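Since the structure comes first, as structure tokens, the remarks are kept for the end.
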Amino acid sequence: MTFYKEKLNHIKNTCYSNEKQINTVIETRHFIDNNFENNLKLDILSHIHFTSKYHLQRLFKRYYGLTPKQYLIDKRIEKSKENLKNGMTVTETCFAVGFESLGSFSKLFKIKTGKSPSVFQKEQVSISKLDEEF
């Protein structure tokens, strides 16, 4: 490789590297993981990383296959399953994971899991009772 090609590659890798984008997306995901119970909006997430909310949404979707909102919902549903397994009521779980409405929580939970939160919880209680017997 010639001297000029090396310099061009160095400039290209320095100026046009995706490292900043990747770090922004990773940091956004970590922020969601650690603050999922709060009222997170795309405006807040983009403000934290000093980027356009539309650009952040495109980057997040490119690297994770989901928008930040979809990822947040999945994270909340995952945590709500844990809470329901541990005996928390459906209402307590709904507000503990950051949903503002019991109706929207129940609807999303059923869409994501195929069961309502109360049915899911009853199944988990019966499974744990069976595990205790054996």
Side-chain angles (χ1 to χ4, degrees):
M1 196 178 287
T2 67
F3 173 78
Y4 293 105
K5 280 189 177 181
E6 285 180 24
K7 285 296 180 191
L8 283 173
N9 280 336
H10 175 72
I11 291 170
K12 180 182 165 191
N13 291 334
T14 304
C15 296
Y16 300 105
S17 143
N18 287 338
E19 189 173 332
K20 186 176 185 306
Q21 291 179 354
I22 292 168
N23 287 338
T24 298
V25 171
I26 290 171
E27 289 171 10
T28 301
R29 182 177 178 194
H30 287 299
F31 188 83
I32 293 171
D33 287 343
N34 294 324
N35 298 284
F36 65 88
E37 69 280 351
N38 296 324
N39 186 14
L40 297 180
K41 302 279 185 207
L42 193 55
D43 290 329
I44 294 168
L45 297 173
S46 64
H47 182 73
I48 291 168
H49 298 291
F50 306 107
T51 187
S52 156
K53 62 184 180 180
Y54 305 108
H55 184 61
L56 177 62
Q57 186 164 329
R58 280 191 304 273
L59 287 176
F60 203 93
K61 177 112 178 165
R62 180 188 309 156
Y63 289 106
Y64 289 115
L66 301 167
T67 65
K69 183 172 182 156
Q70 291 169 330
Y71 180 77
L72 174 62
I73 289 170
D74 287 351
K75 184 70 178 172
R76 286 177 173 172
I77 296 297
E78 176 187 316
K79 185 63 178 174
S80 65
K81 286 179 181 179
E82 291 175 27
N83 290 348
L84 292 169
K85 286 178 186 177
N86 293 330
M88 198 180 264
T89 68
V90 173
T91 305
E92 290 171 337
T93 298
C94 167
F95 296 111
V97 298
F99 285 99
E100 296 176 0
S101 155
L102 189 56
S104 63
F105 166 66
S106 295
K107 182 178 177 181
L108 283 169
F109 192 93
K110 187 166 186 168
I111 289 170
K112 293 290 185 179
T113 65
K115 302 171 187 161
S116 70
S118 55
V119 168
F120 177 85
Q121 188 174 40
K122 287 174 186 172
E123 286 179 356
Q124 296 305 311
V125 168
S126 63
I127 289 171
S128 65
K129 285 182 182 179
L130 285 173
D131 289 343
E132 289 175 5
E133 291 176 3
F134 292 106

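Every heavy atom of this structure was used, including side-chain atoms; hydrogens, water molecules and symmetry mates were not. Keep in mind that what you see is a predicted model, and the values were worked out from it rather than measured.
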Handout entry: Spacing of CD1 belonging to I26 relative to OH belonging to Y63, to within rounding of 0.5 Å
Key = 9.0 Å
Problem - Sub-4.5 Å side-chain heavy-atom contact between E100 and N39 - result: yes
Exercise for the section: Calculate, to the nearest 0.5 Å, the distance between atoms NE2 and NZ belonging to H49 and K20 respectively. Expected result: 9.5 Å
Handout entry: Side chains of Q121 and T93 in contact at under 4.5 Å (non-hydrogen atoms)
Key = no
Exercise for the section: Measure the NZ-CG distance between K41 and L72 for me, rounded to the nearest 0.5 Å. Expected result: 9.5 Å
Problem - Nearest heavy-atom neighbours spanning N34 and E37 - result: O-OE2, 4.0 Å
Exercise for the section: Indicate yes or no: at least one non-hydrogen side-chain atom of Q124 is less than 4.5 angstrom from one of L84. Expected result: no
Problem - Which atom of N83 lies closest to which atom of A96, heavy atoms considered - result: ND2-CB, 4.2 Å
Fill in the blank from the handout: For D43 and K53 the tightest heavy-atom approach is OD1-CD, 2.9 Å
Problem - Side chain proximity check, F105 to T91, heavy atoms < 4.5 angstrom - result: no
Practice task
Enter the distance from L56:CG to T67:OG1 here, rounded to the nearest 0.5 Å.
Solution key: 10.0 Å
Handout entry: Salt bridge K81-E78, side-chain N to carboxylate O under 4.0 Å
Key = no
Practice task
Check ring-ring contact (aromatic ring centres under 6.0 Å, His included) between F95 and all other residues, then give those that pass, not counting sequence neighbours.
Solution key: none
Problem - Test item: E82 and M88 side chains (from C-beta on) under 4.5 Å apart, heavy atoms - result: no
Fill in the blank from the handout: To the nearest 0.5 Å, atom NZ of K69 lies from atom CG of L42 at 10.0 Å
Exercise for the section: May I ask you to test the S106-S116 pair for a side-chain heavy-atom distance under 4.5 Å? Expected result: no
Problem - Closest heavy-atom pair and its distance - S80, V97 - result: N-CG1, 3.8 Å
Handout entry: Minimum side-chain heavy-atom gap Y71-F60 below 4.5 Å
Key = yes
Problem - In one Ile/Leu/Val/Met/Phe/Trp/Tyr side-chain cluster, 4.5 Å: F36, I48 - result: yes
Practice task
State the OG1-CG distance between T51 and L59, to the nearest 0.5 angstrom.
Solution key: 6.5 Å
Practice task
For the residue pair F120 and F109, categorise the inter-ring angle as parallel (less than 30°), tilted (30 to 60°) or perpendicular (more than 60°).
Solution key: perpendicular
Handout entry: Shortest non-hydrogen contact between S46 and S52, atoms and distance
Key = CB-C, 3.9 Å
